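In what follows, a single structure is set out as structure tokens and then discussed.
Every value quoted in this text rests on a predicted model; they were computed, and no experiment measured them. Throughout, a chain's letter reflects where its sequence line sits, starting with A, and its residues are numbered from 1.
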There are 2 protein chains.
Amino acid sequence: MRFSQQRETIINIIHSTKIHPTADWIYRKAKKYIPNISLGTVYRNLKQLEQDQLISTIFDGSVARFDSNMERHDHLKCKICGSLTDLTLDYDFKSTVKQKFNFIADEIEMTIIGTCSKHN
Amino acid sequence: MRFSQQRETIINIIHSTKIHPTADWIYRKAKKYIPNISLGTVYRNLKQLEQDQLISTIFDGSVARFDSNMERHDHLKCKICGSLTDLTLDYDFKSTVKQKFNFIADEIEMTIIGTCSKHN
DNA sequence: AAAAATAATAGTAATCATTACTATTTATTT
DNA sequence: AAATAAATAGTAATGATTACTATTATTTTT
Ligand SMILES: [Mn+2]
Ligand SMILES: [Mn+2]
Ligand SMILES: [Zn+2]
Ligand SMILES: [Zn+2]
């Protein structure tokens, strides 16, 4: 993977926020630095970065959002404002499903859906 | 909501399987009973049935899959064959996130991703 | 049972996010 | 500086889903 100003900008943008942005959000932000950057470039780089395990993809309904936090963690999703927030809960179901279902678990995705603290 | 043969067929199809089918899978199956049923009809009814809480929608990556099991449960997703299987795990994080984040949890979506028992 | 009212359908067009394509540009190696 | 090939911009294509509309089917009213 060769250096490019576009990729560098995309990485910086993702690392600068905790909102788990969409490709389009990243694209609009990137255009402030590189006005003629292409949306295809954003998608191509996001895919590349995911393959290289530098970011991860979260499917929020039907749109993809991107996460620079590569530690194991879960999410709170607010039904009202749509925000997605990190939290880390303690659990271990991998051994359970191995024993009960002979299922080899690689990862566990957990999203808690409800109303966030802003709406009180 | 008025009766229709199309909706009845769609409900029957969903209740007849545990595979969490996609709209297109349901459509192809429905055509065996109603050859000129429209894909739009399938989507319209699936949306209606979800609103009436008769089925639920699971977003599997970028495609929607439908679930007739309305009990609270979790899923095992196999990376190899793509199968989605029900299981019910015991946990309670709703009180935790209320206390720690002042977040009112309505539901928790948990998917355990890995390799299912078929591939041993 | 026929007429009126209106929900639901079939078929097709439109939308939206994402991916594919390709000529050109840019980074890296020689 | 020239050669090599990865990355880009711009645009076309794709695939899932939704919107639209004239027609059909179900339910209600007479
Ligand atoms: Mn996160
Ligand atoms: Mn299920
Ligand atoms: Zn909120
Ligand atoms: Zn499998």
Length of the [atom1]-[atom2] vector between [X] and [N], whole Å:
| X | N | atom1 | atom2 | answer |
| --- | --- | --- | --- | --- |
| A:Arg44 | C:dC21 | CZ | P | 13 Å |
| B:Asp24 | D:dT17 | CG | P | 9 Å |
| A:Asn36 | D:dT8 | CG | P | 12 Å |
| B:Ile37 | C:dG11 | CD1 | P | 11 Å |
| A:Met1 | C:dT26 | CE | C1' | 16 Å |
| A:Arg7 | D:dT8 | CZ | C1' | 11 Å |
| B:Glu50 | D:dT17 | CD | C1' | 14 Å |
| B:Trp25 | D:dT17 | CH2 | C1' | 20 Å |

_For a quick check of understanding: with a heavy-atom distance under 4.0 Å over all strands, which category does B:Tyr43 fall into, base, sugar-phosphate or nothing?_
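Base, at least one base heavy atom under 4.0 Å.
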*Check DNA chain D against residues 52-59 of chain A and give the residues with a non-hydrogen atom under 4.0 Å, in numerical order.*
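The stretch gives none, as no residue of it lies under 4.0 Å from the strand.
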*At under 4.0 Å, does any side-chain N or O of B:Ser62 touch on OP1 or OP2 of D:dA16?*
no
*Mark yes or no for a side-chain to base donor-acceptor pair under 3.5 Å between B:Arg2 and C:dT6, with no hydrogen or angle criteria applied.*
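Yes, the side chain and the base share a sub-3.5 Å donor-acceptor pair.
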*Among the candidates D:dA7, C:dA8, C:dA10, find the nucleotide nearest to the side-chain atoms of B:Ser38.*
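Of the candidates, C:dA10 comes closest.
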_B:Phe3 side-chain proximity, nearest of D:dT17, C:dT18, D:dT26_ =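 The listed nucleotide nearest to B:Phe3's side chain is D:dT26.
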*Hey, which sits more toward the 5' end of DNA chain D by its nearest nucleotide, B:Gly40 or A:Val42?*
A:Val42
